[in-house]
Number of protein chains: 2
Amino acid sequence: MPHAEMNAGAGVTGPSPWDQAVDRIRAGGLRWTPQRRTLIEVLREREGHVTATELIARCRERDQTTTPSTVYRTLDLLEDLGLVRHGHGHDGREEYHILPQEVHGHLYCVGCGTTWELRPETGAVIVEALASQLGFSVDLSHVTISGRCAGCHD
Amino acid sequence: MPHAEMNAGAGVTGPSPWDQAVDRIRAGGLRWTPQRRTLIEVLREREGHVTATELIARCRERDQTTTPSTVYRTLDLLEDLGLVRHGHGHDGREEYHILPQEVHGHLYCVGCGTTWELRPETGAVIVEALASQLGFSVDLSHVTISGRCAGCHD
DNA sequence: GTCCGGGCCGCAATGTGTTGCAATAGCGAA
DNA sequence: TTCGCTATTGCAACACATTGCGGCCCGGAC
């Protein structure tokens with residue numbers, strides 16, 4: 001029985017990290033469950049940022065019996081594997097960054113409500129400033145900076 | 001009947017902003033209530049950062065009947081008056097900054113759990129970087145940056 | 001001193017995130 | 001294939017934050 005996922009394009013650029021998820025999970029003596037499968041299916045269809053609430057809703061579309069606690073715990077697990085990262089949006093709600101190819105911070109505009117990713121070179125300025133002045137090593141992935149974007153100056 | 005608060009040291013450095021709170025509130029047609037009095041008494045004993053939860057607990061020490069909703073609404077009111085500012089801590093919980101003399105961001109160390117205020121000159125670097133590169137004007141008061149402090153590098 | 005209007009309080013309900021616990025079920029071993 | 005260990009689930013309860021609403025009481029008017 002052919003199964004599309006079994007030969008997921010393992011090209012020169014590398015296979016989708018999600019394809020390794022099953023093995024990575026099992027490698028730690030952890031288990032591959034339907035609930036985890038559902039969440040990962042949802043995640044691989046999306047990119048960028050998602051709120052926990054949205055993920056729960058999408059999982060429930062596929063599996064009515066999805067419970068929040070399971071989703072949160074699975075997300076914790078995936079974060080340990082580096083497949084997602086969580087941060088807090090401008091209002092303090094949990095936000096998950098899917099497949100962070102590179103660690104980045106976020107900007108939130110209180111004017112238009114948009115969220116942008118912080119460009120690496122801009123983030124670097126912040127990281128370096130704090131490192132040199134205070135010896136503080138920033139974890140950019142957890143940073144959301146509020147303010148007003150260029151188009152929203154009152 | 002002498003009342004200590006009536007002549008609170010209005011010296012050259014200016015009276016405590018809290019002393020003006022009553023008038024500021026009344027000036028807007030708003031009311032001076034026992035609940036608001038309790039919260040302000042709690043606030044004036046503290047400085048720096050407090051979580052909403054802690055404030056509620058301290059209010060309850062003085063007044064068993066304190067309810068969360070009242071505290072949150074009073075804090076909103078005080079924020080309008082500029083007496084407090086709220087932000088989100090590293091874990092997304094509400095944190096209130098008492099009497100922000102100057103707007104400042106925060107650093108949180110995931111190693112030791114300490115929170116520091118961001119020195120103005122360091123904050124300025126961040127503000128300027130984002131302003132010049134992206135035209136984004138940062139509201140530092142709402143920023144909490146996570147990472148590891150100098151003493152916690154694994 | 002009393003009245004009256006509207007701001008405010010406390011309750012209750014909702015949404016979001018977290019945790020303890022008993023029962024379930026994945027998966028390696030026999 | 002069956003067994004057994006234990007990771008994981010789902011429930012329930014809790015914690016924090018927020019909001020709507022009926023009734024209360026602050027404070028100015030008389």
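Chain identifiers are assigned alphabetically (A, B, ...) following the order of the sequence lines, protein sequences preceding nucleic acid strands; residue numbering begins at 1 within each chain. Scope of the values below: all heavy atoms of this structure, side chains included, with no hydrogens, waters or symmetry mates.
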**Q** Under 3.5 Å, side chain of B:R60 to main-chain N/O of B:T66, donor-acceptor pair present?
**A** yes
**Q** Give the rounded distance in Å between these two atoms: CD of B:E94 and P of C:dT16.
**A** 16 Å
**Q** Can you confirm whether the side chains of A:T122 and B:Q133 place a donor and an acceptor under 3.5 Å from each other?
**A** yes
**Q** By nearest nucleotide on DNA chain D, pick out whichever of B:W32 and B:T51 is the more 5' one.
**A** B:T51
**Q** For the side chain of B:R36, counting heavy atoms from C-beta on, which of D:dT9, C:dC8, C:dG26 is nearest?
**A** C:dC8
**Q** Let me know the distance between CG of B:D23 and C1' of D:dG27, rounded to the nearest Å.
**A** 15 Å
**Q** Take atom CD of A:E95 and atom P of C:dG17, then tell me their distance rounded to the nearest Å.
**A** 10 Å
**Q** Tell me: CZ of B:R26 to C1' of D:dC25, nearest whole Å?
**A** 14 Å
**Q** Can you figure out which of C:dG7, D:dG10, D:dC16 approaches the side chain of B:L30 most closely?
**A** C:dG7
**Q** Can you check the B:I25 CD1 to D:dG27 C1' distance for me, whole Å?
**A** 14 Å
**Q** Would the base of C:dC11 count as contacting B:S69 through its side chain, where contact means a donor and an acceptor less than 3.5 Å apart?
**A** yes
**Q** Given 3.5 Å as the limit, does a donor-acceptor pair link the side chain of A:R24 with the main chain of A:L81, or not?
**A** yes
**Q** Please state how far atom CG in B:L55 lies from atom P in D:dT18, giving the value in whole angstrom units.
**A** 13 Å
**Q** Among D:dT9, D:dC16, C:dG10, which nucleotide has an atom closest to any side-chain atom of B:Q35?
**A** C:dG10
**Q** Quick check: closest heavy atoms across B:I25 and B:R31, and the distance to 0.1 Å?
**A** CG2-O, 3.5 Å
**Q** So, OP1 or OP2 of D:dT8: does either fall under 4.0 Å of a side-chain N or O from A:T33?
**A** no
**Q** Distance check needed: C:dC9 P versus B:R60 CZ, whole Å only.
**A** 15 Å
**Q** Output the single nucleotide from D:dC11, D:dT18, C:dC9 whose closest atom is nearest the side chain of B:Y72.
**A** D:dT18
**Q** Using 30° and 60° as the class boundaries, would you call the ring planes of A:H49 and A:H106 parallel, tilted or perpendicular?
**A** perpendicular
**Q** Nearest to the A:T74 side chain among C:dG17, C:dC9, D:dT9, which nucleotide is it?
**A** D:dT9
**Q** Do the side-chain N or O atoms of A:T66 get closer than 4.0 angstrom to the phosphate oxygens (OP1, OP2) of D:dT9?
**A** no
**Q** On DNA chain C, does the nearest nucleotide to A:P34 precede the nearest nucleotide to A:A52 from the 5' side, or the other way round? Give the residue.
**A** A:A52
**Q** Output the single nucleotide from C:dA25, D:dG10, D:dA17 whose closest atom is nearest the side chain of A:R31.
**A** C:dA25
**Q** Closest to the A:R93 side chain: D:dG10, D:dC26, C:dG17?
**A** C:dG17
**Q** Which sits closer to the 5' end of DNA chain D, B:P68 or A:T67, going by the nucleotide each is nearest to?
**A** A:T67
**Q** Measure from CG on A:L75 to C1' on C:dT16 and round the result to the nearest Å.
**A** 14 Å
**Q** Between B:T114 (side chain) and B:C109 (backbone), is there a donor-acceptor pair under 3.5 Å?
**A** no
**Q** Give A:R73 one of three labels, base, sugar-phosphate or nothing, depending on what nucleic acid heavy atoms sit under 4.0 Å from its own.
**A** base
